[in-house]
Amino acid sequence: MAGLRRGREEVLRQATARTAPHELPLISGCGTWSRSLCAVASGLSRNSALLPLRGIGLAIQPAGNRQHTRASRSMTQPQLSFDGDPNGLAYQRWREQFCRQVANVDFVPVGEGRVHRTISPAVLPRLRLSASFGTPMSFVSLGTNDELVITMSPNSALSGAMGKRPLEIAAGDITIGDPSIKGACITQTAHGNFQTALLPRKALLRACPNAEDMIAQSISGANPISSMFLRYYDLAHAYADKLGPAELDAVSQHLFDLAVLMIGARGDVAEEARMRGLAAARLETLKSDILAQLDDPALSLTVLSAAHRVSPRTIQLLFEQAGITYSGFVLEQRLLRAERLLRNPNLRTRKIIEIAHLAGFHDVSYFHRAFRRRFGRTPDDVRKLSNEPN
């Protein structure tokens, strides 16, 4: 899993370098999400020590162990998690000080017993993501937010109402909520994850005029565009703290493009989103899968095209449009992995042929030639240099 996480991080960074900040015509404005939570999340997203990854939901370290960010020094740090009795003063204090005053949402426990909830925000330039995990909970809007919210849970059904519109969403599917409606409610009915993406209403309606018609409606999480959105959401949320400003701008645009395609954009807007966001997201998922399978001798265009339900030529074109080739990308990543393994002091007793296999090379002669051509040294030279004292 660690290798997959590193691979996804490399993939997202490489991809976002292709979209410049000025290529963001679809999204504008900061929205009305709480400034307090924006500031806190921005600070947290820049400090990965505060947000250890644990699947989709991220656990927040106890306040006493946190490093202070610029945001936390200028304000009282909200408590982003709770674990305890919902009938006590501690829960009522958290519910008032964080849920209502900062998040502008009331958290109403469902059922009896202990309440557990961890929340981790990730603030992109124009989108705000929040992944939480915990016991069943109703999220009730206070009516102070004019954005629209894409909501999903991979392992719990969602129920509730957006005004007069009833809401019943199966686990794994997606819906749109309207937090401007006071009392609008979405209930996570089972223990699990609850994910949201807040998008500026005006920008979304410009790109997708039917967006408000989809409020409280079910969007299948299994269709290709939705699946791409969910995968890119996870990548963006997990690695937002490791990307620079230009890269975050690009991630915002790609995620927005996927959102409008998923909701049902038409015409020129849809075509632009397909050319930009969909192509970028598809390329990143391909790269992510490649990096996860680098050591597999069965990795091939044929295998990838079957897994992603596209033709081998489509995969080649996606890489070529990014200025690289499929085979060139695979070779470069395998060589970089081999170089890292050779420098790893814990692997110094492993033979060069074993390192080659771990990096996905099964023709050792070819590995030696390609390695020397790429790094100007033999694999043995790199290992010896890495073992020499500075």
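This structure is a prediction, so every number in the text was calculated from the model and none was measured.
- A donor-acceptor pair under 3.5 Å is formed between the side chain of T175 and the backbone N or O of Q217.
- Looking only at distances, no side-chain donor or acceptor of S218 sits under 3.5 Å from a matching main-chain atom of I169.
- Among residues at least two apart or in separate chains, side chain to side chain donor-acceptor pair (under 3.5 Å) pairs with a member in residues 348-357 are R350-E354.
- Here the OG-CG distance, from S311 to L317, works out to 7.5 Å after rounding to the nearest 0.5 Å.
- When side chains are defined from C-beta on, F82 does not count as touching F107, because their heavy atoms never get closer than 4.5 Å.
- Pairs engaging residues 292-309 under the side chain to side chain donor-acceptor pair (under 3.5 Å) rule: D289-H308 [sequence neighbours left out].
- Checked against side-chain hydrogen bond (donor to acceptor under 3.5 Å, both in side chains), D381 has the following partners two or more places apart in sequence or in another chain: T378.
- No side-chain heavy atom of S141 sits less than 4.5 Å from a side-chain heavy atom of V105.
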Checklist entry - Do M152 and F229 pass the side chain to side chain contact (heavy atoms under 4.5 Å, CB included) test, and can you show the C-alpha distance, the side-chain angles, and the key distance before you say yes or no? => result CA-CA 11 Å; M152 51 267 179; F229 173 85; 3.9 Å; yes
Item to check | side chain to side chain contact (heavy atoms under 4.5 Å, CB included) assessment of K287 paired with I324 | outcome: CA-CA 12 Å; K287 287 182 177 180; I324 52 179; 4.2 Å; yes
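- Summarising the local packing, CZ of R372 is surrounded by 12 or fewer heavy atoms from other residues, nucleotides or ligands at distances under 6.0 Å.
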Let me have the donor-acceptor pairs involving side chains of residues 179-189, under 3.5 Å, with sequence neighbours excluded, atom names and distances please.
from, atom 1, to, atom 2, distance (Å)
S180, OG, D178, OD1, 2.6
S180, OG, D178, OD2, 3.4
S180, OG, R201, NH2, 3.1
T187, OG1, S138, OG, 2.6
Q188, OE1, R117, NH1, 3.1
Q188, OE1, R117, NH2, 3.2
Q188, NE2, G134, O, 3.1
Q188, NE2, A190, O, 2.9
Q188, NE2, G192, O, 3.1
T189, OG1, A157, O, 2.9

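- Aromatic pair F194/F139: centroids less than 6.0 angstrom apart.
- The backbone N or O of A197 lies less than 3.5 Å from no partner atom in the side chain of R128, so there is not a single donor-acceptor pair.
- Under the ring-ring contact (aromatic ring centres under 6.0 Å, His included) criterion, no residue pair touches residues 154-183, with sequence neighbours excluded.
- Checked against side-chain contact (heavy atoms from CB on, under 4.5 Å), N346 has the following partners two or more places apart in sequence or in another chain: N344.
- Surrounding CZ of R100 are more than 12 heavy atoms belonging to other residues, nucleotides or ligands, all under 6.0 Å away.
- Each salt bridge (charged side-chain N to carboxylate O under 4.0 Å, His left out) pair with one or both residues in residues 310-330, not counting sequence neighbours, appears once here: R313-E320.
- At least one side-chain heavy atom of I290 sits less than 4.5 Å from a side-chain heavy atom of Y326.
- E96 contributes no side-chain N or O that, together with a main-chain N or O of R93, makes up a donor-acceptor pair within less than 3.5 Å.
- A 4.5 Å side-chain heavy-atom check between L80 and P121 finds at least one atom pair inside the cut-off.
- With sequence neighbours excluded, the residues that form a salt bridge (Lys or Arg N to Asp or Glu O under 4.0 Å) with R343 are E339.
- Residues forming a side-chain contact (heavy atoms from CB on, under 4.5 Å) with R114 (at least two apart in sequence, or on another chain): D83.
- The side-chain contact (heavy atoms from CB on, under 4.5 Å) search around L335 returns L331, F361, A370, F371, R374, F375, not counting sequence neighbours.
- Residues N210 and M214 meet the side-chain proximity criterion, which asks for heavy atoms closer than 4.5 Å.
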Checklist entry - Passes side chain to side chain contact (heavy atoms under 4.5 Å, CB included), I176 versus V149? Steps please. => result CA-CA 6 Å; I176 298 175; V149 57; over 6 Å; no
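- With a 4.5 Å cut-off on side-chain heavy atoms, T118 and H116 count as touching.
- Judged as a side-chain contact (heavy atoms from CB on, under 4.5 Å), and not counting sequence neighbours, the contacts of S327 are T325.
- Listed for the S252 side chain is a donor-acceptor partner under 3.5 Å among the backbone atoms of L248.
- Looking at N104, its side chain never comes within 3.5 Å of a backbone N or O of L142 through a donor-acceptor pair.
- H191 meets the ring-ring contact (aromatic ring centres under 6.0 Å, His included) test with F133; sequence neighbours excluded.
- Proximity of a side-chain donor or acceptor of D363 to a complementary backbone N or O of Y366 within less than 3.5 Å is detected.
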Next on the checklist: Please evaluate residues D380 and L342 with respect to the criterion side chain to side chain contact (heavy atoms under 4.5 Å, CB included), reporting the C-alpha separation (whole Å), side-chain torsions for both, the decisive distance (0.1 Å), and the verdict.
Outcome noted: CA-CA 8 Å; D380 196 50; L342 288 166; over 6 Å; no
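- The aromatic rings of Y233 and H237 lie parallel to each other, their planes meeting at an angle below 30°, with 60° marking the opposite boundary.
- Residues D173 and I219 form no side-chain contact, since every pair of their non-hydrogen atoms from C-beta on lies 4.5 Å or further apart.
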